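Quick caveat: nothing in here was measured; it's all calculated off a predicted structure. Below, read A as the first sequence line, B as the second, and so on, with proteins coming before strands; counting in each chain starts at 1.
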Protein chains: 2
Amino acid sequence: MPDTPPPPPTPRRSDATRTAILDAARERFAADGYERATIRAIAKDANIDPSMVMRYYGNKEGLFAAAVAVDLKLPDLGTVPRSDVGRALVAHFLDMWEDNEVLTALLRVGVTNQAGAERMQGIFRDQLLPVAQQVCPDPEQVPTRAALCATQVLGLALTRYVLRFPPATALVRQEIVAWLAPTIQRYLTAPSP
Amino acid sequence: MPDTPPPPPTPRRSDATRTAILDAARERFAADGYERATIRAIAKDANIDPSMVMRYYGNKEGLFAAAVAVDLKLPDLGTVPRSDVGRALVAHFLDMWEDNEVLTALLRVGVTNQAGAERMQGIFRDQLLPVAQQVCPDPEQVPTRAALCATQVLGLALTRYVLRFPPATALVRQEIVAWLAPTIQRYLTAPSP
DNA sequence: TACCGTTGCCAACAAGCGTTGACCAACACC
DNA sequence: GGTGTTGGTCAACGCTTGTTGGCAACGGTA
């Protein structure tokens with residue numbers, strides 16, 4: 001359960017309401033994107049008045065910032081056999097995405113909202129780049145190789161969870177891992193073409 | 001220059017205005033997505049009154065439908081050496097995307113708008129699937145393999161043209177082709193894993 | 001009991017949206 | 001030269017949005 005940045009030492013009586021708002025916000029942002037996820041709809045989902053959202057989170061951008069806190073929980077690739085990093089990463093991303101509407105929310109918002117796009121850039125920089133650094137041979141190529149991985153992973157998420165291309169939603173977990181793992185493996189470890 | 005579905009035999013005096021509207025609409029949809037691209041802003045860009053947009057295109061959805069007409073102009077892969085289809089497709093998509101804001105508009109809108117997503121599904125079905133059919137060994141695997149290609153190509157477009165991850169925008173055409181061509185080649189022609 | 005901060009609802013605001021209809025100017029045709 | 005069609009503007013409509021301030025109920029503390 002994420003909360004506002006400074007976790008209050010004493011639990012407030014309104015904590016239940018606060019998390020209800022965040023849960024509803026995540027759901028709406030994931031389903032509708034930033035513009036169409038209205039504060040009124042979120043408040044109705046949380047069974048409170050829209051003005052409460054403003055009081056607790058300032059404005060709509062503050063609500064989004066509080067609702068969408070992403071930790072990819074990327075594994076330590078130092079402990080994974082070098083030939084398995086592709087498979088490990090693809091499997092991990094699938095696990096994360098399948099039961100995590102925050103990621104879909106962030107993807108939807110990132111496409112139509114500048115703040116959302118910058119948030120995604122930050123996640124890429126702070127979470128994916130360091131992991132890629134553990135595996136890539138040439139440090140100078142780390143950003144390029146990590147970005148290539150991002151194109152494939154985000155492309156899968158886009159096609160499967162947002163655009164819902166029928167053949168992409170029909171794939172089962174094992175197929176995805178089998179097809180994508182060699183791609184990620186090559187982007188990370190193969191000699192540059 | 002696209003036009004309303006039945007191309008009028010006699011050119012109308014208002015054709016200049018109509019295409020000005022469509023050009024402005026494409027630009028706004030590409031830059032802002034569906035919700036934030038307002039009819040008022042599009043009309044102002046085209047130097048006409050918002051009501052003209054309504055008269056010529058009915059409503060906002062009609063305007064979007066008229067403005068975003070996508071022809072991927074995919075090459076006939078029958079004439080391409082089988083080992084070069086990956087390279088040919090990646091190069092072609094890059095050519096299309098670099099100077100074509102329609103594709104960015106469609107991608108942005110497809111993420112937040114149901115009609116946009118269905119439009120993209122239609123393009124995938126009507127334009128990419130037939131081409132994949134020319135190359136894939138097993139007809140039953142065509143949708144899967146084409147969808148895999150879509151994940152990689154759309155993922156690149158998303159990361160490079162919409163989210164603008166710095167390392168993805170820094171890539172030059174040759175690098176992208178060199179990295180992505182083997183991926184597409186494998187998704188289309190390699191034995192299924 | 002009296003007090004005061006917290007929690008919550010209600011009503012309203014200003015702005016922006018898509019959309020409509022009345023109205024004027026320019027052109028084409030008989 | 002009148003007349004109907006077309007191209008275009010203006011002002012307004014009904015509605016939704018994010019956001020604000022006032023006011024009532026609650027709960028712990030003194």
Side-chain angles (χ1 to χ4, degrees), chain A residues 3-4 6-25 28-29 31-68 105 108-109 112-116, chain B residues 1 3-4 6-25 28-29 31-68 108-109 112-116:
Chain A
D3 213 325
T4 45
T10 63
R12 285 160 300 195
R13 206 160 22 104
S14 61
D15 278 350
T17 303
R18 291 178 128 94
T19 65
I21 292 176
L22 289 188
D23 287 344
R28 285 283 178 179
F29 282 134
D32 298 337
Y34 190 81
E35 331 285 337
R36 291 199 349 222
T38 69
I39 289 189
R40 286 172 150 90
I42 292 169
K44 177 176 272 187
D45 288 356
N47 286 315
I48 47 95
D49 190 88
S51 62
M52 301 300 296
V53 178
M54 308 300 297
R55 182 177 300 178
Y56 290 147
Y57 299 103
N59 55 26
K60 191 176 179 179
E61 279 204 26
L63 172 63
F64 174 73
V68 178
R108 272 220 157 88
V109 173
T112 45
N113 186 268
Q114 184 60 25
Chain B
M1 301 293 159
D3 212 326
T4 46
T10 63
R12 285 162 299 195
R13 204 158 24 102
S14 60
D15 279 351
T17 303
R18 293 176 126 92
T19 65
I21 293 175
L22 289 188
D23 286 344
R28 284 283 177 177
F29 281 133
D32 297 338
Y34 190 81
E35 331 286 336
R36 293 202 343 225
T38 69
I39 289 188
R40 287 172 149 92
I42 292 168
K44 178 175 272 187
D45 288 354
N47 285 316
I48 46 95
D49 190 88
S51 63
M52 302 299 296
V53 179
M54 307 301 297
R55 184 180 299 182
Y56 290 147
Y57 299 103
N59 54 29
K60 192 176 179 180
E61 280 205 26
L63 171 64
F64 174 72
V68 179
R108 271 220 158 87
V109 173
T112 46
N113 186 268
Q114 185 57 26

| task | Tell me whether the OP1 or OP2 atom of C:dC17 has a side-chain N or O from B:T38 closer than 4.0 Å. | result | yes
Q) Phosphate oxygens OP1/OP2 of D:dG7: is one of them under 4.0 Å from a side-chain N or O of B:S14? A) yes
note: A:R13, atom CZ; D:dG28, atom P; distance rounded to Å ~ 7 Å
Separation of C:dG21 atom C1' from B:D49 atom CG, nearest Å, is 12 Å
Checking D:dT19, C:dT19, C:dT7 against the side chain of A:P50 (C-beta onward), the nearest is D:dT19
request  = Would you please classify the geometry between the A:F29 ring and the A:F64 ring as parallel, tilted or perpendicular, with 30° and 60° separating the classes?
outcome  = perpendicular
Separation of C:dC17 atom C1' from B:N59 atom CG, nearest Å, is 14 Å
note: A:M52, atom CE; C:dC9, atom P; distance rounded to Å ~ 7 Å
A:I48 atom CD1 is separated from C:dG8 atom P, nearest whole Å, by 8 Å
ask   = Is the side chain of B:D15 donor-acceptor paired with the backbone N or O of B:R12 at a distance under 3.5 Å, no angle test?
value = yes
Taken to the nearest whole Å, CD/A:E61 to C1'/D:dG18 is 12 Å
OP1 or OP2 of C:dC10 under 4.0 Å from side-chain N/O of A:S51:
no
inquiry  = I'd like to know if the side chain of A:S14 reaches the main chain of A:T17, judged simply by a donor and an acceptor atom lying under 3.5 Å from each other, with no hydrogens or angles considered.
reply    = no
To the nearest angstrom, the CE-P distance between A:M54 and C:dC9 comes to 16 Å
A:R40 atom CZ is separated from D:dT19 atom C1', nearest whole Å, by 9 Å
Using only modelled atom types and a 3.5 angstrom limit, is any donor from either the side chain of A:R55 or the base of C:dG8 paired with an acceptor on the other? yes
Query raised in the report: Do any N or O atoms from the side chain of A:Y57 and from the backbone of A:R18 form a donor-acceptor pair under 3.5 angstrom?
Result: yes
